[in-house]
*Asks:* 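Sending over a structure as structure tokens; questions will come in a sec.
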Amino acid sequence: MKYLVLFGPPGSGKGTQSENIIKKYGYAHISTGDVLRAEMANQTELGKTAKGYIDAGQLVPDDLIIDMLAKTMDGYTEAKGIIFDGFPRTVAQAKALKEMLGKRGSDVTVMINLQVDNDELVKRLLERGKISGRSDDNLETITKRLETYNTQTAPVIDFYKEDGKLENIQGVGSIDDIFAAISKVIDSKA
Ligand code: AMP
């Protein structure tokens, strides 16, 4: 099974490109943000706890996320591949993922890092906010999320670089061109 970490700051196109990967490669998709939004919609204990962090543009604590991810991943033992979208977001999460996959006798296949500059991210997220209905797509929370990304999440890039898994891809340009670059990386790891 292939394990693909689709990485990048908020607004870098992880969700859009996940859809393309699912269509072409038939991989399963785990977005920790989507799982958390479902928990919030169902008003579970986890959802209620997560809401405070999400609306403040902060990360939900590692132990909650790692536990949630492990449970979600248990549902995908037969998939051809799994896309991790929005996870890992801290080095502790990256280490936990390596341990979980190690128990399956496996490891992350590749980490694709979508690179987009800050001004473009703010522009995209504000645009998305007009239609997404997401409580965190407003300027104040966007600014906080990008700050959180830079301080807590960006160090994950070095973790995968040292592990020999990092592939950088420019996340600016046409969606099709970006997907072509992603496909090339996935095909090279087949
Ligand atoms: P996303 O949909 O990936 O942009 O996630 C929305 C929000 O959910 C983030 O701003 C975080 O508050 C929370 N979240 C999603 N994934 C994670 C994660 N792996 N670790 C911590 N918090 C997360």
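Remember, it's a predicted structure, so these values are computed and weren't measured experimentally. Both counts, for ligands and for their atoms, begin at 1 and track the order of listing. Atom set for the values below is all heavy atoms of this structure, side chains included, hydrogens, waters and symmetry mates excluded.
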*Asks:* I need the contact residues for ligand 1: any residue with a non-hydrogen atom closer than 4.0 Å to the ligand, ordered by chain then number.
*Replies:* Thr32, Gly33, Leu36, Arg37, Ile54, Gln58, Leu59, Val60, Ile65, Gly86, Phe87, Arg89, Gln93, Arg134, Asp136, Arg145
*Asks:* Are there more than 12 heavy atoms of other residues, nucleotides or ligands under 6.0 Å from atom NZ of Lys24?
*Replies:* yes
*Asks:* Hydrogens and angles aside, do Gln58 and Thr148 bring a side-chain donor and acceptor to less than 3.5 Å of each other?
*Replies:* no
*Asks:* In the structure I gave you, are the side-chain heavy atoms of Ile83 and Leu4 within less than 4.5 Å of one another anywhere?
*Replies:* yes
*Asks:* State whether the number of non-hydrogen atoms from other residues, nucleotides or ligands found under 6.0 Å of Ile175 atom CD1 is greater than 12.
*Replies:* no
*Asks:* Whether Lys123 and Asp119 form a salt bridge (side-chain N of Lys/Arg under 4.0 Å from carboxylate O of Asp/Glu) is what I want to check.
*Replies:* no
*Asks:* Salt bridge or not between Lys144 and Glu147? Use side-chain N to carboxylate O under 4.0 Å.
*Replies:* yes
